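Have a look at the structure below, then the notes.
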Amino acid sequence: MAPPSFFFVFFFILIFSCTSATTTQQQRFKEAPKFYNSPTCATLRHHPNPNHTCPDNAVHVAMTLDVSYLRGSMAAILSVLQHTSCPENVIFHFVTAASKSSSAAKLNQTLTTSFPYLNFQIYPFDDDAVSRLISTSIRSALDCPLNYARSYLSTLLPPCVAKIVYLDSDLILVDDISKLAETPLSGTAVLAAPEYCSANFSAYFTPSFWSNPSLSLVLANRRRPPCYFNTGVMVIDLRQWREGEYTTEIEEWMELQKRMRIYELGSLPPFLLVFAGRIAAVDHRWNQHGLGGDNFRGLCRDLHPGPVSLLHWSGKGKPWARLDAGRPCPLDALWAPYDLLETRFAALQA
């Protein structure tokens with residue numbers, strides 16, 4: 001058994017990697033404009049449950065929220081509201097680290113100040129508990145416990161929330177999110193996401209996984225061949241998720257990973273093991289991912305061919321960091337108009 005000091009060091013590394021993505025010093029954000037429903041928007045039908053987060057016909061959006069990626073989250077929220085016809089029908093569900101209660105209060109204040117009319121709830125996530133299930137990956141930022149919160153939405157959110165659009169914090173929408181939320185989840189499909197079947201699926205798992213028939217055969221018995229999908233943009237049927245107890249299944253794969261190292265990339269492979277080959281299709285326009293560049297060399301990337309509804313800076317480079325450093329990639333200019341960070345000059349003038 002490893003000495004206690006090992007667990008302290010491992011936990012410290014996890015926490016440090018979660019807070020070092022960007023500066024957290026006194027970020028101030030401008031107030032966003034208020035967006036109104038178009039005349040064709042339906043009136044929200046409130047669920048009999050008095051909880052205000054459960055109108056039947058609302059678009060429910062889930063995101064994780066922390067100080068280090070707050071600037072990206074604010075831009076993502078603004079882009080959602082700006083491009084939907086019914087912004088007053090969008091309800092946000094933000095998940096924060098329970099171990100950072102003081103940060104949660106600051107995040108709540110920031111959201112309320114910049115989006116005074118935003119309909120949202122904040123939910124604390126037991127990040128200390130999940131950290132014990134996490135194995136180190138090839139990039140420390142992937143090991144942040146909050147990255148795993150997407151696996152726990154079914155228990156974090158009220159039971160009356162039946163369907164959710166999950167979004168990462170490093171993206172912007174340039175289309176109406178209600179179109180994405182309306183993705184049909186029929187049959188046994190629990191989630192929907194764009195698939196990328198040309199990607200090398202086998203590369204997401206280790207030789208130890210593929211050489212063990214009892215493990216690799218899990219992927220052989222799917223409706224169709226498993227393909228890679230990016231978990232930063234998903235439509236999830238939370239009722240089916242709860243009934244299928246998929247959080248438990250994901251945790252079982254994470255526990256096995258701790259024992260025999262079957263994958264390398266953080267929170268993504270457990271999702272692939274549980275859902276690849278079983279998800280509903282979404283057009284690629286809803287996740288133009290990889291704009292953060294190459295994880296090792298930081299190279300700029302272009303858009304995939306075809307139309308664009310959502311731009312996603314997955315990868316090592318984030319647009320706000322590259323813009324601040326004066327070394328932006330060409331596509332970072334598309335993120336900049338949604339940046340609500342108040343400049344130092346504007347703050348002094350206020």
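Computed from heavy atoms alone, side chains included, the values below leave out hydrogens, waters and symmetry copies. Predicted model only: the values in this text are computed from it and were never measured.
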Closest non-hydrogen atom pair between P116 and E31, with its separation
CG-OE2, 3.5 Å
Disulfide bond (SG atoms under 2.5 Å apart): which pairs involve residues 219-254, sequence neighbours left out?
C197-C227
Are K258 and L133 close enough, and set up right, to give a side chain to side chain contact (heavy atoms under 4.5 Å, CB included), and what steps lead you there?
CA-CA 7 Å; K258 295 284 286 188; L133 290 171; 5.6 Å; no
Could you check whether any side-chain N or O of S169 sits under 3.5 Å from a backbone N or O of S73, counting only pairs where one atom can act as donor and the other as acceptor?
no
Aromatic rings Y69 and W320: how do their planes relate, parallel, tilted or perpendicular, breaks at 30° and 60°?
perpendicular
Going by atom types alone, do Y152 and E251 pair a side-chain donor with an acceptor below 3.5 Å?
yes
I need the L217 CG to N212 CG distance, nearest 0.5 Å.
9.0 Å
With sequence neighbours left out, which residue pairs that include part of residues 210-228 fulfil the salt bridge (Lys or Arg N to Asp or Glu O under 4.0 Å) condition?
E195-R224
Do the non-hydrogen side-chain atoms of M74 and T110 ever get within less than 4.5 Å of each other?
yes
How many angstroms lie between atom CG of L180 and atom CE of M234, to the nearest 0.5 angstrom?
11.5 Å
Would you find a donor on one side and an acceptor on the other, under 3.5 Å apart, between the side chain of Q240 and the backbone of A189?
yes
Quick one: do Y36 and F92 end up in the same hydrophobic cluster if we chain Ile, Leu, Val, Met, Phe, Trp and Tyr together by side-chain heavy atoms under 4.5 Å apart?
no
Are L272 and M260 joined in one hydrophobic group, where the rule is that I, L, V, M, F, W and Y side chains link up if heavy atoms are under 4.5 Å apart?
yes
Under the disulfide bond (SG atoms under 2.5 Å apart) definition, can you give me all pairs with a residue in residues 61-134, not counting sequence neighbours?
C41-C86
So, T247 side chain and S151 main chain: donor-acceptor pair closer than 3.5 Å or not?
yes
Nearest heavy-atom contact between M63 and I77 is SD-CG1, 4.2 Å
Residue pairs fulfilling salt bridge (Lys or Arg N to Asp or Glu O under 4.0 Å) with at least one residue in residues 144-160, sequence neighbours excluded:
R150-D168
Of L173, V308, V235, V165, the residue whose pairing with W286 passes side-chain contact (heavy atoms from CB on, under 4.5 Å)
L173
Under the side-chain hydrogen bond (donor to acceptor under 3.5 Å, both in side chains) rule, collect the residues that match up with S178, sequence neighbours excluded.
D176
Can you find a heavy atom in the side chain of F209 that is under 4.5 Å from one in the side chain of L219?
yes
Roughly how far, to the nearest 0.5 Å, is the CG atom of L65 from the CG atom of L111?
5.5 Å
Can the ring centroids of Y246 and F275 be said to lie less than 6.0 angstrom from one another?
yes
Scanning both residues in full, the closest heavy-atom pair of V95 with A149 reads CG1-CB, 3.8 Å
Answer whether the closest heavy-atom distance between the side chains of S208 and R261 falls below 4.5 Å.
no
Should R278 and V190 count as side-chain neighbours, where that means a heavy-atom distance under 4.5 Å?
no
Does the side chain of N230 come within less than 4.5 Å of S314's, by heavy atoms?
yes
One pair to check against side chain to side chain contact (heavy atoms under 4.5 Å, CB included): H93 and L153. What are the steps and the verdict?
CA-CA 9 Å; H93 304 264; L153 294 175; over 6 Å; no
In Å and rounded to the nearest 0.5 Å, what is the CG to CD distance from N108 to Q121?
9.5 Å
Should the pair F201 and F205 be assigned to parallel (<30°), tilted (30 to 60°) or perpendicular (>60°) ring geometry?
tilted
Taking S99 for its side chain and D127 for its backbone only, find out whether a donor-acceptor pair lies under 3.5 Å.
no
Shortest non-hydrogen contact from L291 toward D302
CD2-O, 4.0 Å
Answer yes or no: is there a donor N or O on one side and an acceptor on the other, between the side chain of N287 and the main chain of L310, under 3.5 Å?
no
Could you go step by step and tell me if L334 and V174 meet the side chain to side chain contact (heavy atoms under 4.5 Å, CB included) rule?
CA-CA 10 Å; L334 300 177; V174 291; over 6 Å; no
Sub-3.5 Å donor-acceptor pair from the side chain of R28 to the main-chain atoms of E342, do we have one?
no
Quick check: do L191 and I279 have side-chain heavy atoms less than 4.5 Å from each other?
yes
Quick one: do N200 and Y228 satisfy side chain to side chain contact (heavy atoms under 4.5 Å, CB included)? Show the steps, please.
CA-CA 8 Å; N200 184 3; Y228 161 76; over 6 Å; no
To the nearest 0.5 Å, tell me how far Y166 OH sits from I236 CD1.
8.5 Å
Counting distance only, does the side-chain N/O of H304 pair as donor-acceptor with the main-chain N or O of H289 below 3.5 Å?
yes
Measure across W241 and S154 and return the closest heavy-atom pair with its distance rounded to 0.1 Å.
CD1-OG, 3.3 Å
Are there more than 12 heavy atoms of other residues, nucleotides or ligands under 6.0 Å from atom CD of E245?
no
Applying the 4.5 Å side-chain criterion to the ILVMFWY set and letting contacts propagate, would I164 and L44 be lumped into a single cluster?
no
Is a side-chain N or O of T84 found less than 3.5 angstrom from the main chain of V80, in a donor-acceptor match?
no
Do W210 and Y263 share a hydrophobic cluster (ILVMFWY, side-chain heavy atoms under 4.5 Å, transitive)?
yes
Answer yes if L303 and W313 sit in the same cluster of Ile, Leu, Val, Met, Phe, Trp and Tyr residues linked by side chain heavy atoms under 4.5 Å apart, and no otherwise.
yes
Which pair of non-hydrogen atoms, one from M254 and one from P270, has the smallest distance, and what is that distance?
CG-CG, 4.0 Å
Looking at E88 and N37, would you say the former's side chain and the latter's main chain have a donor-acceptor pair under 3.5 Å?
yes
Kindly compute the distance separating CG (D66) from CG (L107), expressed to the nearest 0.5 Å.
7.5 Å
Are I262 and L273 packed together at the side-chain level, in the sense that at least one heavy-atom pair is separated by less than 4.5 angstrom?
yes
Do S85 and T40 come within less than 4.5 Å of each other through their side chains, counting heavy atoms only?
no
Filter on salt bridge (Lys or Arg N to Asp or Glu O under 4.0 Å), then keep only pairs touching residues 178-193, sequence neighbours left out; what's left?
D175-K179
Under 3.5 Å: donor-acceptor pair, side chain of K318, backbone of D170
no
